[in-house]
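The shown structure was predicted, so the numbers you read here are calculated from the model rather than taken from an experiment.
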Amino acid sequence: MNILKSFFISILLVIIIAFRASPTSYCQIIVEGDTSLTYCSQGTAITVKADCIVGSSCLLYFISDRDSSLTLNEGDHVLGNTLVLDGDTLSEEFFIDSISGPDGQILFQIPMIWIAPGRILITVTDQDLSQSSDWIDILSHPDPPITISGIISVEGLTPPNPLLAEVFIIAPQILSSATSDTFGQWSMNIPYGGFEVTFEVRDQKNYLIPPGDFVYTLPESSLYGMSIPMTLPDASIEVLVADQYGEPLEYPVILELCNLEWEDVHRSYMGYERLYGALESTPYLLQFDEETNAGLLFPFLYHDTLEFDGIHSLYRDITVFTPNELIYGFLEIPDSFYSRGYYFKAQAGNYYASVISNVLTGEIRFPVNSELADSYWVFYDTLTGRSFPPPEDYIVYPQLQKTAPGDTVFFRMVSYEEALATLTGRITDQYSAILPGDLTIYLGNYYTGSSFIDTTSSGYYHFSLLPGKYRLSSSYDMVDYDPPYLYPNYFSPFFEINLGLADSTNFDFPCFLTNDTIFLWIDQDGGYPSQRYKFRASHFIMGTMIRHCSTSSNWVYLPVADDFEQPYNVYLAEEDTPLPEGLFTEGEARWNAFPGDTIFLHITPYEYYISGIVTRDLGDYISEQPIFQLLSIDLSDLSIFDTVMTRSDGSYYSSVPTGLYRIQSLPNEQFMFKPFYIDSLVIFYTHNTNNNFTFNLRSCSLLVELSGIPPDSIPLYVFKGSGDSLFPHGYIIEKTLPPGTTNFGISICDAVWTLHAPHIRHYTPEPTETTILIEEETFRVLVNFHYSFTGISAEQKTPFRFSLRANYPDPFNTSTTIEYSLDNPGMVTIQIFDLSGALVNTLLEQKLKPGSYSIKWNGKDQKNQECGSSVYLIRLVHLNRVKIDKMLLIK
């Protein structure tokens, strides 16, 4: 058995290595069977041939490349995009279903192209993040069936003007387009007419110009004049999309601007780095489209409410976390069910990666990010609309596993008959006697939330269900009800039940008589309670009893059982029914009580208070007063005494007893705080005190870079800075960075900032600190700290690892830098190979000491001839160990 297991693991490792070294995507445009044409006229259908890993997916973008740069830049328009899963094209845009060929080859068609003459760029991103592209020039149709023309008149602008606009016909996808001249005139060729379409007009920055989305009837044929009156936008939004290091993404993403009713009024597509959208003076939602990225990690659902005043533009930053590690998996599939992929997801918090299993081997590869989490939940995803259902009467088991980046998870596809588990039991009293009457029993799946219900018969219950983790509870309702019985707490771990494949588990559910009472007497400032407070009486065995008090009586009765020696922990559940502002409970907040005891609770106001107002800093425009959360910190033990929210006018109030306190704001992703003066932080006892604060909009991305120091020598460190003056007079920032971090981003506000170079042992920074001025219109600043080695000798440094880091830049045009490190002295060989395995060039054959090194490749072969555009492999050999990575050369 061990021999077979070792053989299986060896085979799996070979498969995984082959999987990781899979070829890069390629993209090729075919016009009527011809692969060499670089142009076609309007009305021509084209075919795109691409390649991706067997059983995985490709992301396709169809882009109007206005500046013919062969990259997606500001002003270019994403005409459509789709995710191709094993030959299935999941899009309602231009594309029709594709054909899956051998070795991951995909062939899909784009119907007749009628968009404005110009260059069209098509990019394909593989699941392994490799990317390729092809382009074709669209020429005007020599004899179009229908030509329509018109003029765009923009309110407030007299032609000629530099406003070049692009007109789109949406039917319901983009059918055709045209570009206007400086006088606003445009002409468009279309294949047919006689039906209603929607027109959309965008300027050269991709602003959707109001009114937009208006309906017009196309003519049957011939020239037709059409005037489109427009108005310039009131305000605009600019979004910087960057990776976790603050660098622009190498892959296109999409953001959508919607009104608060989620109507897609302003469809604003973006390119690699920035989104420009034009909006009226009304609230809008900015939503991140999570379905357009292959192999990236990002917020699962990002949306932000934007308020416009018709004057000022808004800025938003979005961070997309790119993967730096893989989670491997294997799906054991019955032989008869091969040739179809199944959808899996790896998730940590709000970040996830979705992949499809290999149709031939059942392999799974998740691109994940170890900076986000050290472990991920991996599960078979049946909730997404893209999921492939398992064959009838089969399930994937287990549905969920927890694993770390770099590990391998195993799933099985088994039939219901093999998988079904049985859970039985009975409901009794504490003396094991069957209870009279029937009870409803609930069984909830711990992960999916799905629930199952059964009614006891003669005290017995029975469930037959799929394996998983479940929570068992009864129909008992403890709130405002005098029950004959008490049941254990629903959330007690004692009632979390794990069922495996074909398990048969018996679980008896004991109930205990409520044969006694705990009394509570409540006095609120000499009278009855002003509101219905919730009280809890928790017990080690019994669970929790819950009751509300009355506003017309001072008494509360908690029915309990007296069969146990342990006391009940009784307390006022302020998280559910908080005390009114300025009131507190005298004495202990919790009581250990036995059945028959009486608890006396007095609710009284505090003697002193802290109040103040939070206002915006002068010059920083914010349309409405935000609501903030403030903490009252007890300086005697640094505990949080109270948490208060500011009112709509920015004021706040916190009632406190005698003591010494500090008012402090909770961290806010959008705003930064500073007090007016130092004394406003400390509140002395026996005084009623007013504290005022200012806040400022975090409107600038500070990008920090450390150079001159090997990442292997960088430990965990803290970056600090202060704005305007040292805290508590001014703003502060502080960020803890993981080992090896050489660049990162942090958000700051407009102020004079003093930034301190992080302290790194054995290295001296230049400068040690720097001062920068951030003004309101500044939205991105780069700061560099250069380090020089001044400490111990190289031999005494922290040991290096044998590693080959990703080359940069990648893709590259003229040259690229390859970084690597060695942990032992010895011969080192660095070679470049093409995808066929042929040797292209040998960059290094030399004995080296341990350390970090770099070497450049100029894109030439051994004969000093230029290499063509393609993917090439870097091979590092040291002491019989090999590291391989790939890079993309674009000419």
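- For the pair Phe695 and Pro626, the tightest heavy-atom approach, listed with the atom from each and the gap, is CZ-CD, 3.6 Å.
- Every side chain to side chain donor-acceptor pair (under 3.5 Å) that Ser530 has, sequence neighbours left out, goes to Gln524.
- A donor-acceptor pair is defined here as one N or O able to donate and one able to accept, closer than 3.5 Å; no such pair exists between the side chain of Ser375 and the backbone of Lys402.
- Atom-to-atom distance recorded for Leu583:CG and Ser655:OG is 7.5 Å, nearest 0.5 angstrom.
- No side-chain heavy atom of Ser788 sits less than 4.5 Å from a side-chain heavy atom of Glu766.
- Without hydrogens or angle criteria, Glu325 side chain to Glu371 main chain gives no donor-acceptor distance under 3.5 Å.
- At a threshold of 4.5 Å between non-hydrogen side-chain atoms, the residues Ile732 and Lys720 do not count as touching.
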>> Test side-chain contact (heavy atoms from CB on, under 4.5 Å) on Ile603 and Phe584; report intermediate values, then the result.
In response: CA-CA 6 Å; Ile603 301 176; Phe584 73 105; over 6 Å; no

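- The side-chain contact (heavy atoms from CB on, under 4.5 Å) test applied to Leu631 returns Ile633, Ile640, Thr643, Leu666, not counting sequence neighbours.
- The closest side-chain heavy-atom distance from Tyr808 to Glu819 is below 4.5 Å.
- In this structure, the separation between OH on Tyr763 and OG on Ser713 is 3.5 Å, given to the nearest 0.5 Å.
- Counting only distance, with no hydrogens or angles, the side chain of Lys735 and the backbone of Gly745 share a donor-acceptor pair below 3.5 Å.
- A pairwise comparison of heavy atoms in Ala404 and Ile327 identifies O-CG1, 3.9 Å as the closest pair.
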> Between Phe693 and Ser665, is a side-chain contact (heavy atoms from CB on, under 4.5 Å) present by the stated rule, with each step listed?
Replying inline: CA-CA 9 Å; Phe693 293 84; Ser665 63; over 6 Å; no

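- For the atom pair OG1 (Thr754) and CG (Asp724), the distance works out to 9.5 Å, reported to the nearest 0.5 Å.
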>> Using the rule given for side-chain contact (heavy atoms from CB on, under 4.5 Å), can you reason through Tyr61 versus Leu121, listing the C-alpha separation, both sets of side-chain angles and the distance that settles it, and then say yes or no?
In response: CA-CA 8 Å; Tyr61 270 84; Leu121 176 66; over 6 Å; no

>> Please evaluate residues Asp649 and Ile613 with respect to the criterion side-chain contact (heavy atoms from CB on, under 4.5 Å), reporting the C-alpha separation (whole Å), side-chain torsions for both, the decisive distance (0.1 Å), and the verdict.
In response: CA-CA 8 Å; Asp649 61 354; Ile613 188 168; 5.5 Å; no

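- In this structure, CG on Leu706 lies 8.0 Å from CG on Leu737, to the nearest 0.5 angstrom.
- Residues passing the side-chain contact (heavy atoms from CB on, under 4.5 Å) test with Ser747 are Arg698, sequence neighbours excluded.
- Residues Phe641 and Tyr606 place their aromatic rings such that the two centres sit under 6.0 Å apart.
- With sequence neighbours left out, Glu775 forms a salt bridge (charged side-chain N to carboxylate O under 4.0 Å, His left out) with no residue at all.
- The line from OG1 of Thr764 to NE2 of His762 is 11.0 Å long, rounded to the nearest 0.5 Å.
- Scanning both residues, Leu697 and Cys749, for their nearest heavy atoms gives O-CB, 3.0 Å.
- Scanning for side chain to side chain donor-acceptor pair (under 3.5 Å) contacts around Thr817 gives an empty result, with sequence neighbours left out.
- Between Asp642 and Ser654, the closest heavy-atom pair is OD2-OG, 3.1 Å.
- Shown here are the side chain to side chain donor-acceptor pair (under 3.5 Å) partners of Asp525, two or more places apart in sequence or in another chain: there are none.
- Remark: Tyr653 pairs with Tyr609 by the ring-ring contact (aromatic ring centres under 6.0 Å, His included) rule, at least two apart or across chains.
- If you look at Phe719 and Phe744, their ring centroids are closer than 6.0 Å.
- Shown here are the side-chain contact (heavy atoms from CB on, under 4.5 Å) partners of Val783, two or more places apart in sequence or in another chain: Leu702, Leu755, Thr770, Ile772, Val781, Phe785.
- In this structure, the side chains of Asn696 and Asp750 come closer than 4.5 Å at one or more pairs of heavy atoms.
- The closest donor-acceptor contact from the side chain of Gln625 to the backbone of Arg647 lies at 3.5 Å or more, if one exists at all.
- Contacts of Glu705 classified as side chain to side chain donor-acceptor pair (under 3.5 Å), with partners at least two apart in sequence or in another chain: Asn784.
- Side-chain contact between Tyr787 and Pro758: present, with at least one pair of heavy atoms (C-beta onward) separated by less than 4.5 Å.
- No close placement of the Phe366 and Tyr376 rings is indicated, their centers lying 6.0 Å or farther apart.
- The shortest distance between side-chain heavy atoms of Asn743 and Leu703 does not fall below 4.5 Å.
- In this structure Tyr717 satisfies the ring-ring contact (aromatic ring centres under 6.0 Å, His included) test with no other residue, sequence neighbours excluded.
- A pairwise comparison of heavy atoms in Lys534 and Leu572 identifies O-CD1, 3.4 Å as the closest pair.
- Residue Thr742 holds its OG1 atom at 6.0 Å from CD1 of Ile714, rounded to the nearest 0.5 Å.
- When every heavy atom of His786 is checked against every heavy atom of Ser707, the shortest pair comes out as ND1-OG, 3.0 Å.
- Considering only residues two or more places apart in sequence or on other chains, Glu574 meets the salt bridge (charged side-chain N to carboxylate O under 4.0 Å, His left out) condition with none of them.
- Evaluation of the side-chain contact (heavy atoms from CB on, under 4.5 Å) rule for His759 yields no partner, not counting sequence neighbours.
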